[in-house]
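Please read the structure below before turning to the comments.
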Amino acid sequence: MYSPGFAMGGVGSDIAVDAADIALVDDEVKELPHLIALSKRMMTTIKLNMTFSMTLNFIAIVLAIIGTLNPVVGALVHNTGSVLVIINSSLLLKWRKK
C-alpha cells in the first residue's frame with residue numbers, strides 16, 4: 001500500500017517540501033484528516049466525471065453515426081456535458097467531511 005509523504009511548509013526545508021506528495025502551508029496538523037478525506041472525494045469525483053463524459057460522448061457518437069444527431073445538436077450535447085462536469089467538480093469547493 002502506498003503511503004504519501006507529508007511536509008510542513010512553515011518548518012520544513014525546501015527540499016522536503018519539493019519531495020513531499022503533500023505540503024501543508026502552515027503547521028496545522030489537525031487539517032490532515034480533512035485533506036485526506038477531500039483527496040478521496042476528489043478522486044471519486046474525477047472517476048465519476050470521466051465515466052459520465054465518456055458515456056455521453058459514446059452515446060452521441062452512436063446517435064451521430066445512425067443519423068439521429070445532427071452536428072449542431074452534437075456540439076450542444078458535448079458542451080452541455082462539459083459544463084456539467086465543471087459544475088460537478090466545482091462542488092468540491094464547498095465540500096466538508098460529515
Problem set entry | Value rounded to 0.5 Å, distance of CD1 in Ile66 from CD1 in Ile61 | 13.0 Å
For this session: Verify the cluster assignment for Val72 and Ile65: are they in a single hydrophobic cluster under the rule of side-chain heavy atoms below 4.5 Å apart?
Result: no
Report, one line per pair, each donor and acceptor closer than 3.5 Å where one atom sits in a side chain of residues 76-86; sequence neighbours left out.
| from | atom 1 | to | atom 2 | distance (Å) |
| --- | --- | --- | --- | --- |
| His78 | ND1 | Asn57 | OD1 | 3.4 |
| Asn79 | ND2 | Ala75 | O | 3.3 |
| Thr80 | OG1 | Leu76 | O | 2.7 |
| Ser82 | OG | His78 | O | 3.1 |

Exercise. Of all heavy-atom pairs between Leu92 and Arg41, which one has the smallest distance, and what is that distance?
Worked result: CD2-CG, 3.5 Å
Exercise. Should Val73 and Val62 be regarded as members of a common hydrophobic cluster, given that ILVMFWY residues are connected when their side-chain heavy atoms come within less than 4.5 Å of each other, either directly or indirectly?
Worked result: no
Exercise. Roughly how far, to the nearest 0.5 Å, is the CE atom of Met54 from the CG atom of Asn49?
Worked result: 10.5 Å
Exercise. Any chain of hydrophobic side-chain contacts (each under 4.5 Å) joining Ile59 to Phe52?
Worked result: yes
For this session: Mind listing the closest non-hydrogen atom pair of Leu69 and Ala60 along with its distance?
Result: CD2-O, 3.5 Å
Exercise. Do Met43 and Leu38 belong to the same hydrophobic cluster, where Ile, Leu, Val, Met, Phe, Trp and Tyr are linked whenever their side-chain heavy atoms lie under 4.5 Å apart, directly or via other members?
Worked result: yes
Problem set entry | Polar side chain donor-acceptor pair, Thr45 to Asn88, under 3.5 angstrom | no
Problem set entry | Separation between NZ of Lys94 and CG of Leu91, rounded to the nearest 0.5 Å | 10.5 Å
